[in-house]
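Read through the structure below, which is laid out as structure tokens, and then see the notes.
Hydrogens, waters and symmetry mates are skipped; everything else that's a heavy atom, side chains included, is used.
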Amino acid sequence: MHALFEDAGKFLAGRILSEADASSQIELASGKRVKVKAAHILLKFDKPEPAELIAKAEAIAASIELDLAWEFAPDEEFGFADIARDYFSESAPLSEQAGMLFALYGAPHYFRRAGKGRFKKAPAEILQQALVAIEKKKQLQAQIDAWAQELVAGTCPPAIREQLYKILFKPDKNAPEYKAVVEASRSAQKAPLELLQAAGAIDSAYQFHWKRFLFENFPKGTTFPAVTAPQPPADLPLAAVQAYSIDDSMTTEIDDALSVQGLGTGTVTVGIHIAAPGLAITPGSDLDKLGRARLSTVYMPGYKITMLPDEVVQIYTLDEGRANPAVSLYVTYDEATLEVKNKVTKLERVPVAVNFRHDKLDHIVTEEWLHTPSLHVEGTPPELQERRSELMFLHRLAQQLKADREQVRGKPENFSRPDYTFRLEGNDGEEPQGNEIVSITTRKRGAPLDLIVAEAAIVANSTWGGWLAELGVPGIYRSQASMAPGVKVRMSTKALPHAGMGVKSYSWATSPLRRYVDLVNQWQIIACARHGATAALAAPFKPKDAELFGIISSFDGAYSAYNGYQQGMERFWTLKYLEQNAITELDGAVIKDNGPNGVLVRADTLPLVISVAGTAVPRGARVRVKLGDIDEITLDIHGTVTERLDDPDDASDDAPLDDAADDEEEGVAGPIAIAVDVNEADSTSADNSNP
């Protein structure tokens, strides 16, 4: 005796070995023996053999017209054998009964299961809806198949091109466009990115990176809505100084300027003047919402996306030849000892005499030029020469400030590596296309002008941070508990020490045209300048204001994304530089073991970290690397060590290393990550469940 039974949604048949009231022992054709509950046994039979019955039943089930079977079925509940006799004949054999069972079981949109071998036909309305849905699903699958075939053949369907960045980075895994890419990748046995490149979905490598960034961070575009640029207060007093800024030639948002008074009198007052959009932009205003939406200016080689509209920036940037609204910190020093005598903050209009551009002056303003008044450098601009004595004092002060901070830090700051400047030829500040000629120049870290500006900013940010805390006015701070490995800089509303900077507290307040947290802090500082001891009552953000925590969280995420994109684009243009200058070898330093992939090498003269294969080379070793192929989509390039340049037995010629900087660079040294998973289970598997 044999039995046909249902097990976990499948029909099996085998020889009955033993029977009891509640269950039977059944042996399958494979020899496996299973215990089957009596409620799961649907047919018992002597002939044919189990395998033959199932084969015949499956063939018959495929031939049954479900519409006709549904018509034959009674409105009340029925058994599969009953409808088999109605559909086929009164003497329907076992194979036809089993075939009808299989057909009913596999068509839940026509027939709903009502118990052991029993069914009830679906209402006409429900059936019609199910059939429409099934037809729609068939058409959708046909569309997916057609798109997949096009991709495999090397053509990208328009629908997939339009959804490209969503598919790759934030996919809806039930969307047909996504499924087509997965299906095509499996069929062609190609990685999704490789498949899409071959199909022409990506116009250019640069556009790929740019549009991906916009998709993730500026989905509504980068243009500003029409806004009215507020004018600064008319009653601001005019400062009795002639200030000057020091920036790169490409800087248009000039946030800070300096002034010096009292040279030669024994008491010198240094003015640190910060552009003051916070005097007119108010919290909650439309302009505030724009700034808060962007949170920072986005920088990249040859282009930028500003945090605030240009018409606003032009009112508040510290342009030369006019008196600009500013929040000024005046610090009075003993001219000989550089001891601080007094600090005061003022809201005022500051006359800016000149905007210096350090990239045009660094070759003039050297330490020798600052320490040797008689030294003349040809081409020195008159306005620079006029301020030589002031710059000499500022540089002496900056050196002292840096030394004082390093004493707190416990070790000197690492200025062993240069800063790199990228310039694109031909785009004139417009959005790059990716084919421009790129030049990469170096600037020594800690150059005199750079040091002057950096130390002045640290003085302002640490002074104002401490002042806010003293008056009980909340602000946004950057802190670092220690300089131990792995201890990172964090943002909070507490005035905590910043070990890396070597200061008791550090707020960001010197770039309010470019960073939203600086604008927030400027509002708080303005309240302190206006209200003094009662500032906590008048400041826009009160102690323990939850909104400040929201700003910190949003800013952290956006600033990290923007910096990541800037690093990625600098890497893109560095790879372009290699191509354009036919560079096939470079020298560098080993910064990290990269496991089975070899080692990571940082180039000596370019801002580039690459994965290099070769024999084991220790960290700090200097090597020559032969470069491999460049992939501008993944921003990947590999190399092979061809020669060691230092003496393996002499540690004195090893390259200087900076763990924190090396870890940051490593983050953009590897291939790009996408969100398409071709190994994922097909999400359509639930389509066969009951409607």
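- Arg619 places no side-chain N or O within 3.5 Å of a backbone atom of Lys592 that could act as its donor or acceptor partner.
- The side chain to side chain contact (heavy atoms under 4.5 Å, CB included) search around Asp310 returns Gln314, not counting sequence neighbours.
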Chi angles and distances behind the salt bridge (Lys or Arg N to Asp or Glu O under 4.0 Å) call for Glu406, Lys402
CA-CA 6 Å; Glu406 288 179 340; Lys402 178 174 178 289; 2.6 Å; yes
Assess the residue pair Arg571 and Leu608 against the criterion (side-chain contact (heavy atoms from CB on, under 4.5 Å)); give the C-alpha distance rounded to whole Å, side-chain angles, the decisive distance to 0.1 Å, and a yes or no.
CA-CA 7 Å; Arg571 185 175 178 86; Leu608 184 65; 3.6 Å; yes
Checking Leu375 against Arg388 for the side-chain contact (heavy atoms from CB on, under 4.5 Å) test, could you report, in this order, the C-alpha distance in whole Å, the side-chain angles of both residues, the deciding distance, and whether it holds?
CA-CA 11 Å; Leu375 177 65; Arg388 187 170 186 172; 3.8 Å; yes
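- The side chain to side chain contact (heavy atoms under 4.5 Å, CB included) check on His363 picks up nothing, with sequence neighbours excluded.
- Side-chain contact between Tyr206 and Asn435: absent, with no pair of heavy atoms (C-beta onward) separated by less than 4.5 Å.
- The main-chain N or O of Thr297 is never found under 3.5 Å from a side-chain atom of Thr306 such that the two would form a donor-acceptor pair.
- The side-chain heavy atoms of Glu431 and Gln207, taken from C-beta on, include a pair separated by under 4.5 Å.
- Using modelled atom types, one side-chain atom of Asp248 and one backbone atom of Met250 make a donor-acceptor pair closer than 3.5 Å.
- Shown are Asp419, Asp359, Asp450; of these, the salt bridge (charged side-chain N to carboxylate O under 4.0 Å, His left out) with Arg443 is made only by Asp450.
- When the side chain to side chain donor-acceptor pair (under 3.5 Å) test is applied to Arg161, the partners found at least two apart in sequence or on another chain are Asp203.
- Looking at heavy atoms from C-beta onward, Thr463 lies in side-chain contact with Leu329 at the 4.5 angstrom threshold.
- The shortest distance between side-chain heavy atoms of Leu196 and Ile160 falls below 4.5 Å.
- Identified under the salt bridge (Lys or Arg N to Asp or Glu O under 4.0 Å) test for residues 500-514, with sequence neighbours left out: Asp255-Arg514.
- Ser249 and Lys360 make their closest contact through OG-CE, 3.5 Å (heavy atoms, listed as atom of the first residue, atom of the second, distance).
- Asp604 places none of its side-chain heavy atoms less than 4.5 Å from the side chain of Leu586.
- Going from atom CG of Leu575 over to atom CD of Gln580 covers 11.0 Å, rounded to the nearest 0.5 Å.
- At distances below 3.5 Å, not a single donor-acceptor pair connects side-chain atoms of Gln400 with backbone N or O atoms of Ala398.
- At least one donor-acceptor pair closer than 3.5 Å links the side chain of His209 to the backbone N or O of Ile633.
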Passes ring-ring contact (aromatic ring centres under 6.0 Å, His included), Trp210 versus Phe218? Steps please.
CA-CA 11 Å; Trp210 173 237; Phe218 292 86; 8.2 Å; no
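- No side-chain donor-acceptor contact under 3.5 Å links Asp646 to the backbone of Ala621.
- Ionic pairing of Arg212 and Glu216 is present here: one or more N-O contacts between side-chain nitrogen and carboxylate oxygen are shorter than 4.0 angstrom.
- Closest heavy-atom contact between Leu451 and Gln399: CD2-CG, 4.0 Å.
- The distance from atom CG of Leu645 to atom OG1 of Thr642, rounded to the nearest 0.5 Å, is 8.0 Å.
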side-chain contact (heavy atoms from CB on, under 4.5 Å) between Arg624 and Val641, intermediate numbers included:
CA-CA 6 Å; Arg624 179 158 293 152; Val641 174; over 6 Å; no
Taking it one step at a time, do Asn461 and Thr510 satisfy side chain to side chain donor-acceptor pair (under 3.5 Å)?
CA-CA 7 Å; Asn461 285 323; Thr510 53; 3.3 Å; yes
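- At distances below 3.5 Å, not a single donor-acceptor pair connects side-chain atoms of Asn355 with backbone N or O atoms of Ser245.
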Decide yes or no on side-chain contact (heavy atoms from CB on, under 4.5 Å) for Trp464 and Ile274, but give the supporting numbers first.
CA-CA 12 Å; Trp464 282 331; Ile274 306 302; 3.7 Å; yes
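- Only one option out of Phe213, Phe215, Phe572 pairs with Tyr565 in a ring pair (Phe, Tyr, Trp, His ring centres under 6.0 Å); it is Phe213.
- Residues Ala243 and His273 share a closest heavy-atom pair of CB-CD2, 3.8 Å.
- Taking both residues in full, the closest heavy atoms of Leu424 and Glu436 are given as CB-CB, 4.1 Å, listed atom of the first, atom of the second, then distance.
- The environment of Gln407 atom CD is sparse: at most 12 non-hydrogen atoms of other residues, nucleotides or ligands sit within 6.0 angstrom.
- Every pair passing salt bridge (Lys or Arg N to Asp or Glu O under 4.0 Å) that includes a residue from residues 295-305 is listed here, sequence neighbours excluded: Glu253-Lys304.
- The shortest distance between side-chain heavy atoms of Val408 and Val503 does not fall below 4.5 Å.
- No side-chain heavy atom of Val676 sits under 4.5 Å from any side-chain heavy atom of Pro171.
- The structure places SG of Cys156 at 7.0 Å from CG of Leu164, a figure rounded to the nearest 0.5 Å.
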Yes or no on side chain to side chain donor-acceptor pair (under 3.5 Å) for Tyr244 and Glu390, after CA distance, side-chain angles and deciding distance?
CA-CA 11 Å; Tyr244 41 90; Glu390 295 182 12; 2.7 Å; yes
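- Heavy-atom minimum distance, Ile458 versus Ser462: O-OG, 2.7 Å.
- Contact between Gln480 and Lys488 at its shortest, heavy atoms only, is CG-O, 4.1 Å.
- Residues Lys411 and Met483 meet the side-chain proximity criterion, which asks for heavy atoms closer than 4.5 Å.
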Tabulate below the donor-acceptor pairs under 3.5 Å that side-chain atoms of residues 553-563 make, not counting sequence neighbours, or state none.
residue	atom	partner	partner atom	Å
Ser554	OG	Gly550	O	3.1
Tyr562	OH	Arg294	O	2.7
Asn563	ND2	Tyr559	O	3.4

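- Within the model, atoms OH of Tyr299 and CD1 of Ile305 stand 11.5 Å from one another, a figure rounded to the nearest 0.5 Å.
- In this structure, OG on Ser507 lies 10.0 Å from CD1 on Ile476, to the nearest 0.5 angstrom.
- A distance of 12.0 Å separates OH in Tyr477 from CE in Met491, rounded to the nearest 0.5 Å.
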Step by step, would you call Glu455 with Arg405 a salt bridge (Lys or Arg N to Asp or Glu O under 4.0 Å)?
CA-CA 10 Å; Glu455 291 300 330; Arg405 290 190 304 101; 2.6 Å; yes
